[in-house]
Number of protein chains: 2
Amino acid sequence: MTGRRDPEGRRRAIIEAACALIPEVGVGGLTHRAVAARAGVPLGATTYYFATLDDLSRAALAHAARSAADGLRAWRQALRAGDDVAATVAALTEEYLADRDRALTETELYLAAVRRPELRPLARAWFDGLVDLLGAYADPGAAEAAAFLIDGALLRALSDQRPLDTAGLATALRAVLRAGA
Amino acid sequence: MTGRRDPEGRRRAIIEAACALIPEVGVGGLTHRAVAARAGVPLGATTYYFATLDDLSRAALAHAARSAADGLRAWRQALRAGDDVAATVAALTEEYLADRDRALTETELYLAAVRRPELRPLARAWFDGLVDLLGAYADPGAAEAAAFLIDGALLRALSDQRPLDTAGLATALRAVLRAGA
DNA sequence: AATGTACTAGTACGAAAGTACAAGTTTGCC
DNA sequence: GGCAAACTTGTACTTTCGTACTAGTACATT
């Protein structure tokens, strides 16, 4: 009755279901039952693969964080190709925001890390990657400031559900990136 | 047996208990029982003053948002007194962050507003007040960018539990505020 | 003083949760 | 084929929750 087995696939399905749920209900709103229902697996499956709910949310957040950080590879390429760093970064930020769920999950991660120290490295991955990336085009302090700017703009766009002012962001990025340490 | 009555005071005590709890457990982690215990009132009192848990968290977040926005009055005065706008704002940001619970609650509010549209005006109060304030020293676009920068830096400091790089923030603020629209 | 309204406080109830578990099934290995 | 380990699945147990409710107490108004 069980059809074909696929433990790896099941584990992934559970993680992906959790990732899909986090933007809807928040990290704290996750439940074994909701994840199981979304993944189309019985309740027992989620507890079999993840001993506790914390394990499950951690795995989901780790998956999301890795996927977000991986997206920075595309940024690197685009920056190499484009000539206007500030405008390119602003456009990439807008593009990043287009996947609202992913951006929201990343923000959920930021806040979850406040109360769960083990999540802190995950919560730093995207930001650190961004600073590292921008470090090729500005001094470290300016790169960090540009990352602050990007995260601040993203947070506002998410919370207000308003589109990003890409041109304005590009102007600000240009100013920050030009500044010396 | 009930001692002296003080409905207003009780209501406030409940709200303040909820505000104290939000940084610890998050908005989603609030429960009638935890709030009642923290406030030192029986369970029935929280449901008497707030019909639902949403009402309670909304009242608490409104209180926190108002208190944060009120804090901007001090910013206005400090800016009038100081001569270096960027350095003053950076110092004020660090000061703001010193009350970690308040800053954290504000961020919780940002995220809560994503799923609860009725909270959106509250979530905008602090940011809008900041932009309005900075508008006296830069054009609107630059003021908004500076607010992004501040919020981004705050979010990072909260999530990473790392101190603010005040000097670096001042440098970035100076660059952004100088930039034209 | 009486009287109705606002408030208090303890309890109760149904729903939903995390987690544990037992019994059965598939799979890889000899 | 036989066997142990991995996996599946449904259910059950306990806790905790939101909310409702009842019986009573204080207070303002008359």
Side-chain angles (χ1 to χ4, degrees), chain A residues 1-63 108 111-112 115-116 118-119, chain B residues 1-63 108 111-112 115-116 118-119:
Chain A
M1 226 297 170
T2 359
R4 293 198 56 70
R5 279 197 181 180
D6 182 11
E8 303 268 330
R10 223 167 200 217
R11 196 186 167 85
R12 197 170 5 151
I14 291 171
I15 287 180
E16 279 166 9
C19 283
L21 232 35
I22 287 175
E24 286 178 30
V25 300
V27 176
L30 276 190
T31 69
H32 276 131
R33 286 171 173 83
V35 173
R38 175 67 66 106
V41 303
L43 172 60
T46 62
T47 66
Y48 178 78
Y49 285 98
F50 302 94
T52 71
L53 199 56
D54 266 17
D55 282 339
L56 176 49
S57 64
R58 180 165 36 249
L61 289 170
H63 177 79
E108 285 276 348
L111 218 52
R115 282 180 287 273
R116 292 167 62 182
E118 86 269 18
L119 296 177
Chain B
M1 221 300 163
T2 357
R4 293 200 57 69
R5 281 196 178 179
D6 181 12
E8 303 268 329
R10 227 171 197 211
R11 194 186 168 85
R12 198 171 7 163
I14 291 171
I15 288 181
E16 277 166 11
C19 281
L21 232 34
I22 288 176
E24 285 178 30
V25 299
V27 176
L30 277 190
T31 69
H32 276 132
R33 285 172 174 82
V35 173
R38 175 68 66 106
V41 302
L43 173 58
T46 64
T47 68
Y48 177 79
Y49 285 97
F50 303 95
T52 71
L53 198 56
D54 265 17
D55 283 339
L56 177 49
S57 64
R58 178 166 37 248
L61 290 170
H63 177 79
E108 285 277 348
L111 218 53
R115 281 180 288 275
R116 291 168 63 183
E118 87 269 18
L119 296 178

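Here is the naming used below: chain letters follow the sequence lines, and residue numbers restart at 1 for every chain. Note that the structure is a prediction, hence the values are computed from the model and not measured.
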Subject >> Shortest side-chain distance from B:L43, nucleotide among C:dT8, D:dT19, D:dT8 >> reply: D:dT19
Original post:
Are more than 12 heavy atoms from other residues, nucleotides or ligands located less than 6.0 Å from atom CZ of A:R12?
Top reply: no
Original post:
Please give, in whole Å, the distance from D:dA5 P to A:Y48 OH?
Top reply: 12 Å
Original post:
In terms of side-chain heavy atoms of B:P42, which of C:dC7, C:dA17, C:dA9 is nearest?
Top reply: C:dA9
**OP:** Counting heavy atoms from C-beta on, name the nucleotide in C:dT19, D:dT19, C:dA6 closest to the side chain of B:R5.
**Re:** C:dA6
**OP:** Name the closest nucleotide to the A:P7 side chain, picking from C:dT8, D:dC7, C:dT19.
**Re:** D:dC7
**OP:** Consider the side chain of B:R10, meaning its heavy atoms from C-beta on, and name the nucleotide among D:dT8, C:dT8, C:dT19 that approaches it most closely.
**Re:** C:dT8
**OP:** Would you mind reading off the distance between A:D6 atom CG and D:dT8 atom P, rounded to a whole angstrom?
**Re:** 9 Å
Original post:
Checking all strands, does A:A45 fall into the base, sugar-phosphate, or nothing category for heavy-atom contacts under 4.0 angstrom?
Top reply: base
Original post:
Going from CZ on A:R38 to CG on A:L21, what distance comes out if it is rounded to the nearest 0.5 angstrom?
Top reply: 5.0 Å
Subject >> Nearest-nucleotide 5' precedence on DNA chain D, A:G44 against A:R33 >> reply: A:G44
**OP:** Give one of base, sugar-phosphate or nothing for A:Y49, where a contact means two heavy atoms less than 4.0 Å apart.
**Re:** sugar-phosphate
**OP:** Output the single nucleotide from C:dA17, D:dC17, D:dA6 whose closest atom is nearest the side chain of B:T31.
**Re:** D:dC17
Original post:
For atom CD of A:E118, is the number of surrounding heavy atoms from other residues, nucleotides or ligands below 6.0 Å larger than 12?
Top reply: yes
**OP:** To the nearest Å, give me how far apart CD1 (A:I14) and C1' (D:dT8) are.
**Re:** 11 Å
Original post:
Rounded to the nearest Å, what distance is computed from the CG atom of residue A:D55 to the P atom of nucleotide C:dG18?
Top reply: 13 Å
Original post:
Reckon B:L56 touches a base, only the sugar-phosphate, or nothing at all at heavy-atom distances under 4.0 Å?
Top reply: nothing
Original post:
Between A:F50 (CZ) and D:dC7 (P), how many Å, whole number?
Top reply: 12 Å
Original post:
Atom NE2 of A:H32 to atom C1' of D:dT11: distance rounded to whole Å?
Top reply: 16 Å
Original post:
Roughly how far, to the nearest 0.5 Å, is CG of B:L53 from NE2 of B:H32?
Top reply: 5.0 Å
